[in-house]
Amino acid sequence: MRIGITDSGLGGLSVCAAVEARLRAAPIAQDVELLFINAALRDDYGYNSMPTRDEKVRTFDAFLGTVAERHTPDLLYIACNSLSVILHGCRSPRHRHMPVHGIVETGTQAILSALDTDDPPAVVIFATPTTVEENTYRDNLIAAGVDPARIAQQACPDLANAITNDHTGQEAQPLLERFIPEALAQLDAPPQSAVAFLGCTHYGYQADLFETHLREHVADVRVLNPNDDAAAELTARLGGTPGQGQLTARFVTPYAIPNRWLTTLEHYLGDTAPATLAALQQFNVDPQLYPQN
């Protein structure tokens with residue numbers, strides 16, 4: 001079975017690595033290929049750089065069709081919040097037969113589970129500008145009965161790149177020092193407790209840094225990283241009986257991954273997912289993912 005995982009960048013590799021780690025801990029009889037497909041157009045131009053929503057939808061719609069035709073995954077998981085929130089606008093018949101699931105549904109359920117208490121905390125969503133502009137998380141939570149006054153959404157431009165560029169967190173730190181107070185200021189009063197939701201898969205690489213800075217402002221804080229829930233969901237979808245099926249991984253990208261990113265991701269991924277790490281190091285460039293470029 002070929003499981004496709006895609007992201008506009010390299011944050012979703014953490015989902016791929018977590019699925020691999022789970023399958024190594026509890027192997028199944030079925031052969032599984034984890035196929036990570038980088039959806040960013042260039043190393044300096046992703047979906048959050050596009051000037052209009054229409055361009056984002058049209059580009060991603062075409063990308064999905066190309067993935068379905070050229071790489072034929074049995075299932076495609078969108079491990080990218082920015083792409084998940086525009087998925088409903090993608091209707092090309094080229095990919096209609098391909099099962100596609102997005103991390104926004106996974107993330108919404110993770111937040112609601114964390115709020116299932118007698119005294120629910122405030123919710124602070126950190127995400128890319130695209131995810132915040134779409135308001136999908138906020139709308140989902142309000143529809144589920146969450147008080148809008150208890151929800152803050154903070155766009156974090158350039159944070160994903162800072163995390164990808166530097167595994168030490170030094171590049172991300174000044175951005176968090178700005179974004180966290182801005183997010184909390186959106187609430188009517190300083191919260192006693194809060195759920196901080198990492199609404200970009202890149203952010204999970206620096207979850208500890210988020211928690212450290214949040215605790216300077218909120219005594220009782222819980223950081224939610226939906227990447228872990230995504231990996232659990234994908235592994236559950238595989239099902240299967242215990243066994244020793246073959247587990248492989250591939251990495252496909254429309255451009256060559258810069259060396260500095262390879263070095264950073266090696267630190268983030270560690271040694272828990274050797275196949276994912278090897279796939280990253282031996283990436284395959286497929287310029288036909290975006291043939292017009």
Side-chain angles (χ1 to χ4, degrees), residues 5-15 36-67 76-92 95 100-108 110-111 123-143 151-165 172 175-176 178-180 182-183 186 196-206 210 224-227 230 253-255 289-290 293:
I5 299 172
T6 191
D7 188 2
S8 180
L10 306 182
L13 264 183
S14 61
V15 175
F36 183 81
I37 309 168
N38 177 16
L41 282 77
R42 302 192 304 267
D43 64 353
D44 61 349
Y45 189 74
Y47 282 80
N48 281 286
S49 301
M50 295 180 185
T52 66
R53 184 182 190 276
D54 182 64
E55 182 179 351
K56 296 172 188 177
V57 172
R58 285 188 290 102
T59 304
F60 190 46
D61 203 13
F63 170 84
L64 291 174
T66 301
V67 168
L76 183 68
Y77 189 85
I78 303 174
C80 176
N81 292 270
S82 296
L83 297 181
S84 291
V85 297
I86 64 171
L87 175 61
H88 64 277
C90 300
R91 299 186 176 90
S92 169
H95 57 79
V100 181
H101 301 274
I103 198 170
V104 168
E105 290 76 15
T106 308
T108 298
I111 298 173
V123 180
V124 184
I125 300 166
F126 296 95
T128 65
T130 295
T131 301
V132 171
E133 288 163 7
E134 289 291 317
N135 271 316
T136 305
Y137 277 114
R138 181 180 176 85
D139 291 345
N140 287 351
L141 295 177
I142 293 172
I151 304 171
Q153 290 191 118
Q154 179 64 40
C156 304
D158 300 321
L159 182 57
N161 283 338
I163 290 172
T164 305
N165 287 336
L175 295 175
L176 290 181
R178 186 177 95 218
F179 294 143
I180 288 173
E182 287 179 3
Q186 297 174 35
F197 180 76
L198 306 186
C200 171
T201 47
H202 294 77
Y203 300 172
Y205 291 131
Q206 291 289 350
F210 268 92
L224 287 184
N225 177 9
N227 304 4
T253 173
Y255 58 85
L289 285 169
Y290 292 106
N293 293 298

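Reckoned from all heavy atoms, side chains included, excluding hydrogens, waters and symmetry mates.
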Any chance you could measure [X], atom [atom1], to [Y], atom [atom2], to the nearest 0.5 Å?
{"X": "Ile103", "Y": "Cys200", "atom1": "CD1", "atom2": "SG", "value": "9.0 Å"}
{"X": "Ile5", "Y": "Ile37", "atom1": "CD1", "atom2": "CD1", "value": "9.5 Å"}
{"X": "Leu10", "Y": "Asn38", "atom1": "CG", "atom2": "CG", "value": "5.5 Å"}
{"X": "Asn135", "Y": "Ile142", "atom1": "CG", "atom2": "CD1", "value": "8.0 Å"}
{"X": "Thr59", "Y": "Leu41", "atom1": "OG1", "atom2": "CG", "value": "6.0 Å"}
{"X": "Leu159", "Y": "Tyr203", "atom1": "CG", "atom2": "OH", "value": "4.5 Å"}

Can you name the side chain to side chain donor-acceptor pair (under 3.5 Å) partners of [X], sequence neighbours left out?
{"X": "Thr106", "value": "Tyr77, Glu233"}
{"X": "Asn161", "value": "none"}
{"X": "Glu133", "value": "none"}
{"X": "Tyr205", "value": "none"}

Considering all heavy atoms of both residues, which atom of [X] and which atom of [Y] are nearest to each other, and what is their separation?
{"X": "Asn225", "Y": "Gly204", "value": "ND2-CA, 3.7 Å"}
{"X": "Ala127", "Y": "Gly199", "value": "CB-O, 3.7 Å"}
{"X": "Gly107", "Y": "Pro226", "value": "CA-CB, 4.1 Å"}
{"X": "Gly12", "Y": "Phe36", "value": "C-CE1, 3.4 Å"}
{"X": "Ala183", "Y": "Ala152", "value": "O-CB, 3.5 Å"}
{"X": "Tyr45", "Y": "Pro51", "value": "OH-CD, 3.9 Å"}

Non-neighbouring partners of [X] that pass side-chain contact (heavy atoms from CB on, under 4.5 Å), sequence neighbours left out:
{"X": "Arg91", "result": "none"}
{"X": "Thr66", "result": "Arg70, Arg94, Leu289"}
{"X": "Ala155", "result": "Pro129, Val132, Pro157"}

Return yes if a side-chain donor-acceptor contact under 3.5 Å exists between [X] and [Y], otherwise no.
{"X": "Thr108", "Y": "Asn140", "answer": "yes"}
{"X": "Asn227", "Y": "Thr201", "answer": "no"}
{"X": "Thr128", "Y": "Ser82", "answer": "yes"}

Polar side-chain atom of Gln186 near backbone of Gln153 as donor-acceptor pair, under 3.5 Å: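 The answer is yes, because a donor-acceptor pair under 3.5 Å joins these two groups.
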Phe126: partners by ring pair (Phe, Tyr, Trp, His ring centres under 6.0 Å), with sequence neighbours left out: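 Phe126 satisfies ring pair (Phe, Tyr, Trp, His ring centres under 6.0 Å) with Phe210 once adjacent residues are dropped.
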Ring pair (Phe, Tyr, Trp, His ring centres under 6.0 Å) partners for Tyr47, two or more places apart: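 Tyr47 satisfies ring pair (Phe, Tyr, Trp, His ring centres under 6.0 Å) with Phe60 once adjacent residues are dropped.
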Considering residues at least two apart in sequence or located in another chain, which fulfil the salt bridge (charged side-chain N to carboxylate O under 4.0 Å, His left out) criterion with [X]?
{"X": "Glu182", "result": "Arg178"}
{"X": "Asp139", "result": "none"}
{"X": "Arg53", "result": "Glu134"}

Derivation of the side-chain contact (heavy atoms from CB on, under 4.5 Å) call for Asp7 and Leu13: CA-CA 8 Å; Asp7 188 2; Leu13 264 183; over 6 Å; no
Min side-chain heavy-atom separation Ile180-Gln154 under 4.5 Å: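 No - every pair of side-chain heavy atoms lies 4.5 Å or more apart.
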